[in-house]
J.: 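One structure, pasted below without further comment.
The chain is numbered in sequence order, starting from 1.
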Amino acid sequence: PVEILNLTFEAAEDEFSVPEAEYLRVVGTTLNHNVSISFEVLYNPLNGGSDSRPMKVVSDDSRNPNMEVMLNGTGLAPKIAVSCIGQPNYATQGLDFGQVAHGDQKEIECQIFNYGTTDLSIVVDISQNTPDNEYLVVQQAFIPAKPGEMKLSTIRFAPTRALGNTPGEMTINSNDPTNGLIAIDLNAVGVDPKILAVPSTSLGVPYDFGLKLVGSSNSMDFFITNAGSVGDLIIGGIDIENVGNPGFVYSMGSAFPVHIPANGSEKLTVTFMPQAEGDFSAALLMHSNDFNSPDYRLYVAGSAESCPAGY
C-alpha cells in the first residue's frame with residue numbers, strides 16, 4: 001500500500017489549486033495495490049496566455065516519494081489598449097482641449113482596442129470640479145469589445161461658466177485583469193473672447209471718410225479690441241466685402257492669425273483710395289473665435305470727386 005502524504009505546488013501563483021474538501025479527502029488516504037483515487041484540480045488563470053505548473057504528489061512510496069505531475073492550461077483574458085486621436089502624449093500629459101470659447105465645444109475621440117482573447121467590458125467615467133459639468137462623455141463604449149475589436153468613446157468640453165484652466169479626469173474601467181483602471185487627465189481652458197472695433201460702426205452708420213479727391217489716399221486707424229476677460233481673441237483673417245465700388249484697403253501690424261489677449265487691442269488701418277468719382281462703401285469681415293460674433297463686420301464709406309480744373 002501507498003499513503004498520500006501531501007499535495008504541493010512549487011509556484012507561488014494560485015492559477016492551479018486543489019479545493020480544500022478535495023485536499024482533505026485525498027491526503028492521508030492509503031491506496032492498496034491496483035487501487036486509484038481521483039481528485040479535482042482547479043485552474044484559475046490570472047492573465048491571458050499559457051500556464052504550466054508542476055504539482056507534487058508526496059507519498060511514502062520509497063521509489064518515487066515526490067511524483068511530479070505537470071499541469072497545463074491556457075487562460076483567456078481581455079487586454080486593453082487606448083489611443084486618442086491627435087493626442088499622442090495623453091498617457092503622460094493628459095487630453096489637451098486647448099482654449100475653448102464659452103458657448104463653443106471641442107471633442108476628442110479615443111479608440112479602445114481589445115487585444116485579448118475574450119470580450120472586453122468598458123465603462124468610461126468623468127470626474128470634474130466645474131460649475132456645469134463642462135466635460136461630458138458623448139459616446140460611451142457600453143457594448144463589450146470582442147477580441148480584435150475597437151470601440152470609440154468621445155469626450156466633449158463645452159464651457160458655459162468655467163473660465164481659465166479647467167482640469168478633470170477620465171477613467172476607463174474594464175475587466176482587463178492587469179490594467180482594469182486607466183486614469184487620464186483632462187486639460188482645457190475656458191475663454192470668453194469678445195470682438196469689438198473702436199470706433200464702432202454699423203451697416204446704417206458706417207465710418208465715413210467724407211468727400212475726397214480721386215487718386216488721393218486717406219487712412220483711419222481702428223482698434224480691434226478683445227473685450228473678454230479670459231483667453232485670446234484670435235482673428236484668422238479679414239475679407240473686404242465691397243458693397244459699392246472698390247476703393248478700400250487695410251493693413252494690420254501682425255500676420256494672421258492675430259492673437260489679442262483679454263483687454264488688449266490690435267491696430268487695423270483702413271485706407272480709402274478712390275480711383276474714380278462716386279460713392280463707395282464696404283464691410284471688412286473679420287473671422288474670429290468669438291462664438292457669438294464669429295464674423296464681425298466693420299463698415300466704411302466715402303465719396304470721391306475729380307480734382308477741379310486748374311487745381
Side-chain angles (χ1 to χ4, degrees), residues 78-115 119-146 149-176 179-195 226-237 257-262 286-296:
K79 183 175 178 60
I80 192 172
V82 179
S83 174
C84 295
I85 297 174
Q87 305 283 320
N89 301 315
Y90 77 90
T92 55
Q93 300 177 14
L95 298 184
D96 187 5
F97 290 81
Q99 293 189 2
V100 183
H102 275 197
D104 202 356
Q105 64 184 37
K106 182 176 180 181
E107 294 181 351
I108 295 178
E109 187 177 77
C110 291
Q111 300 172 327
I112 304 174
F113 300 87
N114 180 9
Y115 288 113
D119 288 359
L120 175 71
S121 299
I122 309 159
V123 176
V124 180
D125 290 321
I126 297 291
S127 60
Q128 57 191 316
N129 185 23
T130 60
D132 294 313
N133 293 327
E134 278 94 347
Y135 289 109
L136 180 67
V137 182
V138 295
Q139 185 174 357
Q140 176 68 274
F142 281 123
I143 301 175
K146 296 184 180 302
E149 192 176 17
M150 180 266 289
K151 296 292 183 180
L152 295 176
S153 185
T154 302
I155 311 302
R156 174 186 296 164
F157 177 65
T160 55
R161 286 193 292 163
L163 286 174
N165 293 324
T166 308
E169 184 181 68
M170 175 177 76
T171 56
I172 303 175
N173 299 274
S174 74
N175 60 335
D176 183 326
N179 199 15
L181 175 62
I182 298 175
I184 301 173
D185 290 335
L186 303 176
N187 305 298
V189 179
V191 299
D192 64 342
K194 293 180 176 63
I195 189 170
N226 180 4
S229 58
V230 176
D232 290 352
L233 172 68
I234 304 173
I235 300 176
V258 177
H259 288 250
I260 304 175
M286 288 173 268
H287 309 284
S288 78
N289 64 333
D290 183 332
F291 181 77
N292 295 311
S293 299
D295 295 316
Y296 181 89

J.: Would His102 and Asn292 count as a side-chain contact (heavy atoms from CB on, under 4.5 Å) here? Give the steps.
T.: CA-CA 9 Å; His102 275 197; Asn292 295 311; over 6 Å; no
J.: Less than 4.5 Å apart, side chain to side chain, heavy atoms only: is that true for Ile195 and Met286?
T.: yes
J.: Measuring from Asn133:CG to Ser127:OG, what's the distance to the nearest 0.5 Å?
T.: 11.0 Å
J.: Nearest 0.5 Å, please: how far is CD in Gln105 from CZ in Phe291?
T.: 8.0 Å
J.: Do Lys106 and Asp104 meet the salt-bridge criterion of a basic N to acidic O distance under 4.0 Å?
T.: no
J.: For residues Glu149 and Lys151, determine if any side-chain heavy atom of one lies less than 4.5 Å from a side-chain heavy atom of the other.
T.: yes
J.: With Tyr135, which of Glu169, Arg156, Gln128, Met170 fulfils side chain to side chain contact (heavy atoms under 4.5 Å, CB included)?
T.: Gln128
J.: With sequence neighbours excluded, tell me which residues meet salt bridge (charged side-chain N to carboxylate O under 4.0 Å, His left out) with Lys79.
T.: none
J.: Could you tell me the separation between the CG atom of Asn226 and the CD1 atom of Ile234, rounded to the nearest 0.5 Å?
T.: 10.0 Å
J.: Indicate the atoms forming the closest heavy-atom contact of Ala101 with Asn289, along with that distance.
T.: CB-O, 3.7 Å
J.: Answer whether the closest heavy-atom distance between the side chains of Leu136 and Ile126 falls below 4.5 Å.
T.: no
J.: How about Pro261 and Asp232: do any of their side-chain heavy atoms sit closer than 4.5 Å?
T.: yes
J.: Are the side chains of Cys110 and Leu95 in contact, using a 4.5 Å heavy-atom criterion?
T.: yes
J.: Between Pro167 and Asp185, is there a side-chain heavy-atom distance shorter than 4.5 Å?
T.: no
J.: Roughly how far apart are Ile184 CD1 and Gln87 CD, rounded to 0.5 Å?
T.: 10.0 Å
J.: Flag the pair Thr166 / Phe97 as yes when at least one side-chain heavy-atom distance between them is below 4.5 Å, and no otherwise.
T.: no
J.: Given side chains that start at C-beta, do those of Ile112 and Val124 come closer than 4.5 Å, heavy atoms only?
T.: yes
J.: Apply the test side-chain contact (heavy atoms from CB on, under 4.5 Å) to residues His287 and Asp295: give CA-CA distance (whole Å), side-chain angles for both, the deciding distance (0.1 Å), then the verdict.
T.: CA-CA 5 Å; His287 309 284; Asp295 295 316; 2.8 Å; yes
J.: Can you tell me how far OG of Ser288 sits from CG of Leu233, rounded to the nearest 0.5 angstrom?
T.: 5.0 Å
